[in-house]
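Report on one structure; see the data block that follows.
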Amino acid sequence: MSATTTEKKNLPPPGAPQARPRTFKLAGNPVVTSAGIFVFLIAAGWLVAGGDPGSFATMMLSGLFQGMLLFLVASGLSIIFGLMDVLNFAQGTYFMIGAYSAYAFQHSPAVISAVPNTDVRFVLAVIVATVIGAILGVILERVLLRPLYARPLFQIVLTFGVSIVLTEIVISTFSTTPYSWTEMFSIRSASFALFGQTFTAYRLFVIGIGFLMMVAVALLLRRTRIGIIIRAGVEDSQMVEALGINVRAVFTLVFTLGCALAAFGGAVAAPFFGANISLGSNFLLGAIAIIALGGLDSYEGAAVASLIVGIGVAVMQQFTLASDFIGAVWASLTPMLLLTLVLLLRPSGLFGKKVE
Amino acid sequence: MSDNLLEIDGLQTFIGQFHILEGVDVTVPRNQVTVLLGRNGAGKTTTLKSIMGIHPPTEGQISYQGQSIAGKRPYDVAQMGIGYVPEHRAVFGTLTVKENLELAQHQRGELEQKADLIFELFPDLKRLYKLGGKNLSGGQQQMLAIARALVPNNNLLLIDEPSEGLAPVIIEALIEVIDRLSEQLTVLLVEQNFVMASKLADTYVIIDDGRSVAAGNMADLVQDPQTIQRYLGVA
């Protein structure tokens, strides 16, 4: 027997498992890094609160509340970007439109006389706002974006233009005056006491709803065929299409869901924030920082980064209030500060793929 | 019905401004293995991508089972029974082996019907079923990419450079698998490895500089060192 055949016999059979050296670097692990940031923010929050559990709880509740609302904008932005390579600058505008739609529905005299129960009216208002977001989403994708898939730069300019047009339409309909929510309903007026402080239950309600949405979208992505198609499409949409799947139809579905999710977020935020024009740009900027921080096309990254930014902003808000030498403007800079910090440690974001 | 499953005539394809295919004719007889040969950059991969509709041709005819498919979208082409195994495998790394296979179903339940065949051809995939695609070795990924094309009821497989970057023993195993598949399916193969090509193929087409320049029976080509030397640069 020749030497070559003996050598061949010693080789593992085709496809045998190969020992793979595993390296574990602390800063390289997204979960460890994220946990580290959370610990840091919570410790900072505790210091800012001066060890008072009441004001610490207020801060965390406010942080989670903002984080969940940001998540409703950022998750759509992240999935749309991952799958379709479109950075949808109109995502924040859909959030604002959701807020105005819910406001207009809840406060419309015709609806008030038809549905006197404020709780039912609130639920209907959220549904109506979500549907309006979905319809506007379908129109944007099917009519305006679809002809431009070969021209990515045009798409960015287009979504930016759409956000300006939609904002102007809202201004001409509602004027620039902010509206505050006057039609109260039971969960909005409810409150509870903790550590001797009174908290509005609505924040907890929105945090709960945001968490449910987080789980629902995760289940959609992990457990359903459409989820498998979306995750595969994020990697290589051309190959998905070559397997016999109409990727364009999935694009429409994802874009619509993303816009509906943002409008839903606006609708649940409105009873707290009211409806105003700056909601759109505020939430868009936060969401862009979040998806970059989380790692562009990672859903898990967007979810974790939303909570990081939400809590970070809340801690900074409290800190600027308590401090004499730092202006309130730093609170709104927090998303970008956190983004800079994380990108210095991990240039491709928390859960992003390493770019070689 | 013609004996040829696929007939390509005068195919011209641009990628951006570049004129990649300047006249390619390929005939793929039913239930045989046809190999596209040629140097790097000759246009072999682009020919496969033009058939799939990934790079739609600007001129020329592609007739599959007597129907014209030139210019159809990739998912339409795939739905007609053409399975595509691209170069570099294109296995989805974030999906498990199971999910990679499920994704390829054209109809519900196809994977269950084909599971026995797939596991018989690629026993390793059964063991790796729940593992992420990115954790597979190159050879395992190639097996998964071929298995994926077997899930729906395809008549024609387009396989691009399956041997690239694989160890000789794994190439041997692949030859065996593709040989077995060709008993029931028609295969259009792109392969640089001349030994593999000559073991598998019944007919060949040589593509040079975006044009098909020679075609015939593989058995004849093996006896024709001049043509091999001229277009393929292997002695």
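Naming: A, B, ... by sequence-line order, numbering from 1 per chain. Here the structure is a predicted model, which is why all the values come from computation and not from measurement.
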Discussion item. Non-hydrogen contacts under 4.5 angstrom with chain B: give the residues of residues 147-158 of chain A involved, or none if there are none.
Written reply: none
Worksheet item: Given that the side chain runs from C-beta out, which part of A:Val234 has a heavy atom under 4.5 Å from chain B: side chain, backbone, both or neither?
Response: neither
Discussion item. Quick check on the interface: out of A:Leu243, A:Asn246, A:Val247, A:Asp236, who has the most heavy-atom pairs with chain B under 4.5 Å?
Written reply: A:Asn246
Worksheet item: Quick check: are there more than 12 heavy atoms from other residues, nucleotides or ligands sitting under 6.0 Å from NZ of B:Lys114?
Response: yes
Worksheet, complete the sentence: Closest heavy-atom pair, A:Glu235 versus B:Leu95, reported as atoms and distance to 0.1 Å, is OE2-N, 4.1 Å
Worksheet entry | CA sep, side-chain torsions, deciding dist, call: A:Gln238, B:Met52, side-chain contact (heavy atoms from CB on, under 4.5 Å) | CA-CA 11 Å; A:Gln238 201 175 63; B:Met52 278 316 291; over 6 Å; no
Response to the item:
Those residues of residues 79-93 of chain B that come under 4.5 Å of chain A on a heavy-atom basis, listed by number, are B:Gln79, B:Tyr84, B:Pro86, B:Ala90, B:Val91, B:Phe92, B:Gly93
Worksheet entry | Close side-chain approach of A:Arg231 and B:Glu99, heavy atoms under 4.5 Å | yes
Discussion item. Just so I understand: if I count every heavy-atom pair under 4.5 Å between each of B:Gly53, B:Pro74, B:Pro152 and chain A, which residue has the most?
Written reply: B:Pro74
Discussion item. Go through it in stages, so that I can follow the logic: the residues are A:Arg248 and B:Arg73, the test is side-chain contact (heavy atoms from CB on, under 4.5 Å), and I'd like the CA-CA distance, side-chain angles, deciding distance and then a yes or no.
Written reply: CA-CA 11 Å; A:Arg248 291 283 170 88; B:Arg73 305 267 327 156; 4.0 Å; yes
Worksheet item: Between B:Glu102 and A:Arg225, is there a salt bridge with N-O shorter than 4.0 Å?
Response: no
Discussion item. Looking at A:Phe211, I want to see if its CZ is surrounded by more than 12 non-hydrogen atoms of other residues, nucleotides or ligands under 6.0 Å.
Written reply: no
Fill in: Where A:Ala242 and B:Ala78 come nearest, the two heavy atoms and their spacing
O-CB, 3.3 Å
Practice prompt. Calculate, to the nearest 0.5 Å, the distance between atoms CG and CD1 belonging to B:Leu103 and A:Ile229 respectively.
Written response: 6.0 Å
Discussion item. Distance check, rounded to the nearest 0.5 Å: B:Thr96 atom OG1 versus A:Ile228 atom CD1?
Written reply: 7.0 Å
